[in-house]
*Asks:* 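Sharing a structure here in structure tokens format.
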Amino acid sequence: MHEKLIAAIDFGTSKIVLMVGKKNALGLLSVVAVETIDSSTCVRRGCISNLDEAAAKVKTLVDSVNKKIHPKIDKVYVGLGGQSVCSQEHTISRKLLPESIVNKTLLDSIAEECLNYEPDLSALLDAIYPEYYLDGRVEQNPQGVQCTEIEAKYQLITGRPSIKRDITKILHEKVGVTIAGYIVSSEATAAAVLAPAEKDLGCALVDIGAGITTLSIYKGKLLKYMVTIPLGSDLITKDLCSLGILREEAEAFKKEHGQAIAGDEDENRKEELFTSKNVDSLQLNRIIEARMDEILANVIAQIEQSGQEKSLASGIIVTGGGANLKKFLESLKDKINCDIRVAFTQKAVLAEETEITRNTAYTCATGMLVLGEKSCEKEIPVPQEPVRVNLFDDMDFGETKIPLSETRKPKEPEVKKPAEKKEKPEGRGLFRRIGKGIDGISKSLFDDTEE
């Protein structure tokens, strides 16, 4: 079976990622190309803020990838995320006649009603497979079951109406790339890092990005709660810059020496760290610790607000670039009593592991490739064979004899017909000529033979 070429774009606050992968016959993924570009000037908290600049960066990524792979791509899946994205419970109820049996037509009509629902001040981005209640009892497979009332409880993913509109303008109108499909970013991340058993037993997935932190809670294989917290690891960089440190230096310190728990003087470097400002690492790590405490406090508060804090048998799974901060796990374990792990793309969905699949910053992009089904390969039109005309029919050039063209026949020799003798007109000339003219006209009007 031919491998599918899948491409995806993740609009992050710190970088835009274009990732291309191949899916084999078993649906396992191999990442074949990744390109990134800084997005700090055109994406804010996961939302596109400058369409023209974002379009120029996307075009750069597409051109760069297409120079490295064959066949090329002209379609992409796109992640939907940002600070406005969250879940909203939506229930649809139907009263049935006594002894009615739930059938596919009924379930399809419920699903259609859900997809046509218009949330207030937001757009419907996705509707998660519902939990069914038949006469008040949970039923995973309702088709064929008898009941008098059915309830379908959906988790709708909603967000600003401008999210899809802006992406469409960038890709369709400005870059000329077809959108293969939209995928909610949090669902993509879950597809990359969560095992089915974790979703079933109950877990909280925390994705710490540069501009936002997303919390998704699963139980019984279904999404129960999802919220976007408008805080991310980029705030740490901005905090360090407030001390007069260059952004590049602040970002480098955060990644190389930053700690979620500051520690003591013995654990921190005393020498001058930056060319722009003479500050010690203990002071910087205390700033980092304070900001990370704020982010984690909001995560824990949202877990409690969800009402699912006692349902997390599989604990908390953390991913995203912010999860790479040193002593992050220790900081979170000090604040909540449950199992915690940092997650990469799971091996179960991969044909082969790479450095990219072992990096928490790329789990959303790889998840979109996992969920993508349509091939993003650029279709090359098949050229039609031109009509072959043989200029030389049956002509002999020494040892090479050019065959007679099948589309042409040899010309028949022309045979000259003997000249017909002109007969003298009968009668008195004028009326005879008029009579013949009338006969000719009559014949041409009613004769259906071709001349």
Side-chain angles (χ1 to χ4, degrees), residues 8-17 38-51 53-54 57-58 78-90 118-128 155-170 182-190 204-217 223-239 291-306 316 318-323 325 360-365 367-368:
I9 290 182
D10 176 24
F11 287 95
T13 302
S14 63
K15 63 183 179 296
I16 301 172
V17 178
D38 179 78
S39 64
S40 58
T41 57
C42 61
V43 179
R44 294 176 184 170
R45 291 179 178 172
C47 297
I48 299 167
S49 57
N50 188 316
L51 271 64
E53 191 173 342
K57 290 179 181 292
V58 170
V78 188
L80 299 175
Q83 62 178 345
S84 66
V85 178
C86 63
S87 69
Q88 173 183 332
E89 190 174 276
H90 181 63
E118 296 182 0
D120 294 334
L121 304 176
S122 60
L124 178 61
L125 303 180
D126 199 3
I128 307 303
Q155 286 293 336
L156 306 182
I157 308 298
T158 63
R160 290 179 182 173
S162 61
I163 296 175
K164 278 188 178 181
R165 184 174 64 242
D166 291 347
I167 291 173
T168 301
K169 285 181 180 179
I170 288 173
Y182 296 100
I183 298 175
V184 176
S185 298
S186 60
E187 293 180 54
T189 304
L205 174 61
V206 181
D207 185 358
I208 304 177
I212 57 175
T213 296
T214 306
L215 169 68
S216 304
I217 297 178
L223 179 70
K224 294 293 186 180
Y225 187 80
M226 195 278 279
V227 67
T228 303
I229 301 167
L231 302 172
S233 61
D234 193 53
L235 288 175
I236 294 174
T237 304
K238 291 179 179 179
D239 290 342
R291 180 62 77 178
M292 187 54 68
D293 283 350
E294 179 190 19
I295 294 172
L296 296 180
N298 277 273
V299 170
I300 294 168
Q302 287 296 332
I303 292 175
E304 293 173 349
Q305 184 173 321
S306 73
I316 298 176
V318 188
T319 191
L325 190 66
T360 58
Y362 295 96
T363 51
C364 178
M368 280 192 278

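For reference, positions follow the sequence shown, starting with 1.
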*Asks:* Check whether S39 reaches the backbone of T13 with its side chain - one donor and one acceptor, N or O, closer than 3.5 Å.
*Replies:* yes
*Asks:* Less than 4.5 Å apart, any side-chain heavy atom of R160 and any of Q83?
*Replies:* yes
*Asks:* How long is the span from the CD1 atom in I183 to the CD1 atom in I9, to the nearest 0.5 Å?
*Replies:* 12.0 Å
*Asks:* Do you know which two heavy atoms are closest between G232 and T213, and how far apart they sit?
*Replies:* CA-OG1, 4.2 Å
*Asks:* Please report the closest heavy-atom contact between S122 and T158, naming both atoms and the distance.
*Replies:* OG-CB, 3.7 Å
*Asks:* Quick check: does any side chain N or O of S49 sit under 3.5 Å from a backbone N or O of C42, one acting as donor and the other as acceptor?
*Replies:* yes
*Asks:* I need the R291 CZ to L325 CG distance, nearest 0.5 Å.
*Replies:* 13.5 Å
*Asks:* Starting from the C-alpha separation in whole Å, work towards a yes-or-no answer on side chain to side chain contact (heavy atoms under 4.5 Å, CB included) for L231 and N298.
*Replies:* CA-CA 9 Å; L231 302 172; N298 277 273; 3.5 Å; yes
*Asks:* Is the closest side-chain heavy-atom distance between S84 and T228 below 4.5 Å?
*Replies:* no
*Asks:* Quick one: which of D10, V17, V184, V78 gives a side-chain contact (heavy atoms from CB on, under 4.5 Å) with M368?
*Replies:* D10
*Asks:* Do I229 and I295 have side chains that get closer than 4.5 Å, going by heavy atoms?
*Replies:* no
*Asks:* Side chains of T189 and T214: does their closest heavy-atom pair fall under 4.5 Å?
*Replies:* no
*Asks:* Checking side-chain contact (heavy atoms from CB on, under 4.5 Å) against L223, which of I157, I217, L205, D126 comes through?
*Replies:* I157
*Asks:* Distance from M226 atom CE to I128 atom CD1, nearest 0.5 Å?
*Replies:* 8.0 Å
*Asks:* Taking side chain as C-beta onward, heavy atoms only, is T41 less than 4.5 Å from N50?
*Replies:* no
*Asks:* Using every non-hydrogen atom in the two residues, find where P161 and L121 come nearest and quote the distance to one decimal.
*Replies:* CD-O, 4.3 Å
*Asks:* Could you state the interatomic distance from CD1 (I48) to NZ (K57), rounded to the nearest 0.5 Å?
*Replies:* 12.5 Å
*Asks:* Is the shortest heavy-atom distance from the side chain of I167 to the side chain of Y182 under 4.5 Å?
*Replies:* yes
*Asks:* Quick one: are Q155 and E89 in side-chain contact, heavy atoms under 4.5 Å?
*Replies:* yes
*Asks:* Please round to the nearest 0.5 Å and tell me the distance separating atom OG of S14 and atom CG of D38.
*Replies:* 7.5 Å
*Asks:* Taking all non-hydrogen atoms of both residues, which atom of G82 and which atom of C47 are closest, and how far apart?
*Replies:* CA-SG, 3.9 Å
*Asks:* What distance do I170 atom CD1 and F11 atom CZ have between them, rounded to the nearest 0.5 Å?
*Replies:* 5.0 Å
*Asks:* If we count only N and O atoms by modelled type, under 3.5 Å, do the side chains of T363 and T319 hold a donor and an acceptor together?
*Replies:* yes
*Asks:* Quick one, L125 and V85 - any side-chain contact, counting heavy atoms below 4.5 Å?
*Replies:* yes
